[in-house]
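I have placed the structure first, in the form of structure tokens, so that the comments after it can refer back to it.
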Amino acid sequence: MNVNPLPQAYTYDLKQSVSNNRLLGFWRMMAGFRWRYFGAIATLGLASVFSMVSFLLIRYFVDEALQAPDLAAILPPVALGFVGLALLQGLFSFLSGKLTAQTAEGVALRLRNYMFDHIQHLTFTYHDNMKTGELIQRCTSDVDTVRRFFSEQAIGIGRIFILFSINFGALLSLHVGLALLSVIVIPPIVIMSLFFFRRVSKAWDEYEQQDAKLSTTLQENLSGVRVVKAFARQQYEQDKFEADNYEKFRRGRHFMLMHSGFWPITDVICGAQILAGYGVAAIMVMDGTLTLGAYLAYAGLLINIINPIRNLGRLIVHMSTGMVSFERVMHVIREEREPLTKGAFQPEGSLKGEVVFKDVSFGYDPEAPVLKDISFTVRPGQTVALLGSTGSGKTSVVSLLPRFYEYTGGSITIDGAELRDYPRQYLRRQIGIVEQEPFLFSRTIRENITYGVGREVSDDEVIAAAQAAAIHEVIETFPDGYNTLVGERGVTLSGGQKQRVVLARTLLKDPRILILDDATSSVDAETEDSIREALLRLMQGRTSFIIAHRIQTVMRADLILVFDKGRIIQRGTHEELMAAGGMYRHVYDLQSRIEDELEKEIASVGLPL
Ligand code: TTP
Ligand code: MG
């Protein structure tokens, strides 16, 4: 769905802007906006021409018109000339501003869209290692600095070049000697700016790093606010934030100092230049080699030419911030996307659901394997249960199936084809997963349930899925039913309710392979029983992976795998495992004893069951 159809220029693969030469990178990033960019500079140039012409008109007015006998006749057209020039200057300045805004805002708009899209295509491993706050900072503050580069510095370069050429040309036409005298400041200014460029770049890089750190602290504090409050660690968090914030202040101050150190020096140099120019020109007027009108024009033009020279220094220094932020943005863009549709094997139709693991090994960090020698076979439609102590690798096993992570050794095949040959998008459409930590968007319940379907869904279907997940009745009690918002502005769901909404979302997707990772851990035994009935019905005909801690939940599975420290230590059906003894039998006995005792306890106090 394209809610905001944008012109062609907005759809451009920014990956092509990746370049080690940052100026070249900026140039490429401007693809589609270049004519606007040059338009902005050209119109700005025209505005300056009109400004320059008005100084030449002053010269004419003082040196010639005032001396002319028919002054009264000349005055009106000269006055009109001034007004007309001012109007034209205003008009072209406006046009230039408009084109500049279109360029800078357009590039930034496209960059933000691209970054968003890019980030959601990066691998799980990238997201595991990259801090959320850091990514947010790069997408906001750094993109904004890049935007400023286009609105200020990129246009500034052209502007300086044009202002300089026009005014220098005018100066040359006035007096060659004076013109040359007016530009001897350029070499010292350029040398100084380059000297500051390196230092300011470093200062800005350090500042942005600290900014990212602060936004990470803030983001973590907000998402972990319950933990902070529960442990009454506000003071600790406050101290940490203040320390980080102070560091940002320190680096910001350092950056500003770098900047402000630059100004007085250039001001002195430029002031000396103006003084020298005015002095020499005044002597020339007294000597009679320069007319008074030319002197006045020179006075204006000199200021006009010193300004761009002075700005050139400022611009070079400012450009450093744009370059640093550009590099920080490019660092994300350079990251390879996870291909969604690519695959050596392009399957057609739906999966049947035969899954075979053979000596599979895997580790989030290649050095530290989490799964070792995992082998098992599931036939289409069978249910396999994964049981085991916490951290034994159950979630890791099922995360391999939708290719969230790539296994490092052995082979996994689905319907006979190697898993890594399947396109990820196909797998993710065929596999439904209820994750251990359910996540709901701050959207309506209905949107959350229909999230994975990708087509129009009737209310009846939504209700059927909610009923199967035993959440329909709860939703009915909400103020707006299925249209109730979840989160800040709507209802807050309990852990078990969230789990069931997520379950409904997965059931509605109607996947060929169903993965339930502790999907009923936050649900009471009674609700779990009612869900189990529905689930059993739903699991008919699909290959299902169920992770649970309660044996009650898994005992009917066709195959039960018991995990310990990343290995399968026991396997078989409930009956086989009961007969074999070992870990499974041990856990079963433990759980039955606890339940028996609980029942006795409840009976003895006389609580209604
Ligand atoms: P899991 O596969 O998450 O263990 P589990 O699902 O069996 O545990 P639980 O019952 O508590 O849900 O983790 C196995 C190991 O892998 C564990 O040592 C933590 C590690 N791990 C990572 O390093 N990175 C990850 O992203 C995950 C999920 C786990
Ligand atoms: Mg787990």
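Keep in mind that the numbers below use all heavy atoms, side chains included, and drop hydrogens, waters and symmetry copies. When a ligand or atom number is given, it counts from 1 through the structure's own listing order. Everything numeric in this text was worked out from a predicted model, so none of it was measured.
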Using 2.8 Å as the threshold, say whether any N, O or S atom from Thr395 sits that close to the Mg ion (ligand 2).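 Under 2.8 Å: Thr395 contacts the Mg ion (ligand 2) through an N, O or S atom.
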Gln436 near the Mg ion (ligand 2): N/O/S under 2.8 Å: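 So Gln436 does bind the Mg ion (ligand 2) by this criterion.
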With no hydrogens and no angle check, do the side chains of Tyr584 and Asp589 hold a donor and an acceptor under 3.5 Å apart?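 Asp589 and Tyr584 do not have a side-chain donor-acceptor pair below 3.5 Å.
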No-hydrogen, no-angle side-chain donor-acceptor test under 3.5 Å, Glu208 and Ser141: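 Side chains of Glu208 and Ser141: pair found under 3.5 Å.
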For [X], take its heavy atoms, then give the atoms of ligand 1 lying under 4.0 Å from any of them.
{"X": "Ser396", "answer": "1 (P), 2 (O), 13 (O), 14 (C)"}
{"X": "Thr390", "answer": "8 (O), 9 (P), 10 (O), 11 (O)"}
{"X": "Gln436", "answer": "9 (P), 12 (O)"}
{"X": "His549", "answer": "10 (O)"}

Under 3.5 Å: N/O of Gly393 near N/O of ligand 1: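 Between Gly393 and ligand 1, an N or O pair is found under 3.5 Å apart.
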Which residue and heavy atom of the protein sit nearest [atom], plus the separation:
{"atom": "atom 10 (O) of ligand 1", "result": "Lys394 NZ, 2.8 Å"}
{"atom": "atom 20 (C) of ligand 1", "result": "Tyr364 CE1, 3.9 Å"}
{"atom": "atom 18 (O) of ligand 1", "result": "Gly391 O, 4.1 Å"}
{"atom": "atom 6 (O) of ligand 1", "result": "Thr395 OG1, 2.6 Å"}

Side-chain heavy-atom pair Asp244, Phe241 within 4.5 angstrom cut-off: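 A side-chain contact is absent here, since even the closest heavy-atom pair is not under 4.5 Å.
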Indicate, as side chain, backbone, both or neither, the part of Val370 found under 4.0 angstrom from ligand 1 when only non-hydrogen atoms are considered.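 Under 4.0 Å from ligand 1, Val370 contributes side-chain atoms alone.
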Establish, for the pair Arg443 and Phe441, whether the NZ or CZ atom is under 6.0 angstrom from the six-membered ring centre and no further than 45 degrees off its axis.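 Yes, a cation-pi geometry holds between Arg443 and Phe441.
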Any protein heavy atom under 4.0 Å from atom 25 (C) of ligand 1?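 For atom 25 (C) of ligand 1 the answer is yes, since some protein heavy atom falls inside 4.0 Å.
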Would you call Gly388 a ligand 1 contact, heavy-atom distance under 4.0 Å?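 Not so, Gly388 does not reach ligand 1.
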How are the rings of Tyr364 and Phe362 set relative to one another: parallel (under 30°), tilted (30 to 60°) or perpendicular (over 60°)?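 Ring orientation, 0 to 90° scale: perpendicular.
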Does the plane of the ring in Tyr114 sit parallel, tilted or perpendicular to the ring in His118? Use 30° and 60° as the thresholds.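 It falls in the parallel class, under 30°.
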So how far is it from Lys394 NZ to Ser389 OG, rounded to the nearest 0.5 Å?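 Interatomic distance, Lys394 NZ to Ser389 OG, rounded to 0.5 Å: 6.5 Å.
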Inspect the contact between Lys248 and Asp211 and indicate whether a charged nitrogen and a carboxylate oxygen are less than 4.0 angstrom apart.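 Yes.
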Please say whether more than 12 non-hydrogen atoms of neighbouring residues, nucleotides or ligands are located less than 6.0 Å from CZ in Arg379.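 No, because the 6.0 Å sphere around CZ of Arg379 holds 12 heavy atoms or fewer from other groups.
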